[in-house]
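Read the structure below first, then the notes.
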Amino acid sequence: MGNGVSMQTRCIFVEIHGRTEKVTFARHCASKDIQETIALAAGASSWTGVILKDKHGGLVTVTSAMDSNTLDTPYKVQIVEAKVPKHSFSDNTEMIQTVVNQVAEQFNRVFRTEENKAEMTTRLNALEKRMEREGLKVVDIERCRKDISEIKTQLYDNKLRLYMENHSHSPVSDDKKMSYAGDIPTYPKYILSQETIDYLKKPTFDIWHWEPNEMLSLLEHMYHELGLVHEFNMNPITLKRWLLCIQHNYRNNPFHNFRHCFCVTQMMYGMIHLCNLQEKMSRFNLGLLITACICHDLDHPGYNNAYQINAKTELAIRYNDQSPLENHHAAVCFQILSQPECNIFGNVSDVDFNRVRVGIIALILATDMARHAEILEKFKVNVDHFDYKSEDHITALKMILIKCCDISNEVRPMAESEPWLDCLLEEYFNQSDREKAEGLPVAPFMDREKVTKPTAQIGFIKFVLVPLFDAVARLFPQIDGTMVESLRQAQHHYERMKLEDDAKKAHATPPDKRGSIVA
């Protein structure tokens with residue numbers, strides 16, 4: 001499965017101790033890796049902090065999206081000694097080995113096997129020797145980047161699995177609060193470059209190369225930039241704590257995970273700016289839209305409503321087969337908000353909190369695809385004479401917007417959207433395999449023996465996505481040349497893919513098994 005990330009590299013020039021060095025890194029390189037590279041080039045420890053300043057003395061955020069410079073205008077490097085224990089190199093090696101052993105023990109608790117411990121220790125030791133052998137040269141660090149990134153990803157995923165195991169909760173226990181875990185470290189504060197701030201507002205935003213902490217900071221930025229922190233009198237610390245709690249109540253599913261939450265929210269943020277909704281809607285309603293997007297798939301188990309109903313799960317029984325997942329997502333949302341330390345709406349009046357609750361629940365329930373036709377038709381009735389002063393019209397618009405954002409992957413460039421399809425099919429196939437094992441009905445579009453990428457997408461784009469975004473374009477014509485056109489290009493892409501697949505099948509079929517035309 002592709003990752004949708006370009007392998008192009010970027011470079012900057014930095015001034016270290018009076019000499020100018022060229023630093024090369026991948027377009028999606030993590031901020032911490034860039035800082036470590038610059039620190040090592042300066043002869044400092046990788047634990048050391050790095051501050052970059054431009055020729056005017058202004059601070060420069062160390063990210064892969066920072067502005068490029070030239071040999072004549074290098075960034076000046078200022079080294080900040082980190083407060084870490086002073087150990088000899090042998091002590092550091094011993095400390096690293098101790099950490100590796102502790103991490104390996106956690107892996108063993110999760111996966112009940114010692115193989116992961118041996119494999120991870122071997123890989124880390126080999127990587128350390130390789131970096132020592134190559135002298136940690138700046139030009140050679142890029143060779144190790146992919147290995148380091150892969151190990152970090154595995155460490156994060158396994159840490160999250162371990163956390164979820166130790167803090168597991170029943171997906172049907174609406175009376176059990178999703179508590180914020182005090183032992184989860186707060187995420188660092190990132191200073192976003194103007195380039196990143198502007199890029200975040202576009203539907204073409206690449207959501208794949210951002211780490212979980214960076215996604216949290218970007219979500220936090222949205223609340224501040226849209227004026228929602230002021231509108232709802234939010235405590236900024238409570239906002240951080242709430243976002244962390246939200247992240248840890250998304251499961252590690254192939255598709256319905258925290259990155260999907262960020263993807264949907266970023267698309268909503270992009271549509272707010274593209275359609276200039278700040279001048280058409282109240283900030284109160286913008287706050288409902290952003291918050292509903294963040295919470296819309298909380299604690300998703302990876303199996304859809306059809307499975308819940310057919311398997312007669314406790315969720316289906318609890319909600320009488322009526323949007324069981326969406327009802328659960330909304331319930332978890334307000335279980336989190338019921339805790340004072342995580343209640344970002346804790347400073348509004350009781351009347352306004354009730355408005356928040358009614359509005360967010362309605363928006364999350366609107367993401368049930370079983371209601372697609374109903375919601376779309378209600379919006380189309382009003383679109384040609386839309387009244388922004390009408391509460392009913394605004395409610396219909398908010399519902400249609402969250403629907404658009406929830407299924408908007410194909411609006412993005414193909415390199416970013418197609419990996420999402422791989423993730424979705426993986427989740428579908430997991431469900432259909434389970435349905436077959438349990439003797440339950442299997443939807444054809446989820447059966448790994450019947451569905452392909454083009455067959456999964458052509459009809460969905462043609463009969464669901466294009467009519468949906470076409471309707472919104474009647475109210476906001478500016479999305480026609482960006483979003484709607486992207487959908488048409490995606491449809492053509494998958495139609496060409498289907499023709500190629502059909503040609504390959506025809507070529508692989510023996511002549512005596514091919515159909516014939518009888519005159």
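Residues: numbered from 1 along the sequence shown. Note that the coordinates shown come from a computational prediction; the quantities given were computed from them, not determined experimentally.
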Answer yes if the side chains of Glu214 and His209 hold a donor-acceptor pair under 3.5 Å, and no otherwise.
no
Is there a donor-acceptor pair under 3.5 Å between the side chain of Trp208 and the backbone N or O of Glu416?
yes
Closest heavy-atom pair, Phe232 versus Val348, reported as atoms and distance to 0.1 Å, is O-CG1, 3.7 Å
For the pair His260 and Phe255, name the ring-plane relationship: parallel under 30°, tilted 30 to 60°, perpendicular over 60°.
tilted
Any chance you could lay out the side chain to side chain donor-acceptor pair (under 3.5 Å) test for Gln308 and Asn305, step after step, and finish with the verdict?
CA-CA 5 Å; Gln308 305 297 326; Asn305 279 333; over 6 Å; no
Within the 4.5 Å heavy-atom criterion, are Phe345 and Ile360 side-chain neighbours or not?
yes
Would you call the rings of Phe334 and Phe353 parallel, tilted or perpendicular, where under 30° means parallel and over 60° means perpendicular?
perpendicular
Assess, by modelled atom type and distance only, whether the side chains of Tyr250 and Arg259 contain a donor and an acceptor separated by less than 3.5 Å.
no
Does the side chain of Lys389 come within less than 4.5 Å of Ile394's, by heavy atoms?
no
Here the ring pair (Phe, Tyr, Trp, His ring centres under 6.0 Å) pairs for residues 393-414, sequence neighbours left out, are Phe386-His393
Think Arg412 forms a cation-pi with Phe205, using NZ or CZ under 6.0 Å from the six-ring centre and within 45 degrees of its axis?
no
Charged N-O contact under 4.0 Å between Asp422 and Lys453
yes
Given side chains that start at C-beta, do those of Ile479 and Cys275 come closer than 4.5 Å, heavy atoms only?
yes
His329-His256 aromatic ring centre distance below 6.0 Å:
no
Measure the shortest side-chain to side-chain distance between Leu226 and Arg283 over non-hydrogen atoms and say whether it is less than 4.5 angstrom.
no
With no hydrogens and no angle check, do the side chains of Ser282 and Asn285 hold a donor and an acceptor under 3.5 Å apart?
yes
Less than 4.0 Å between a side-chain N and a carboxylate O, is that true for Arg355 and Asp352?
yes
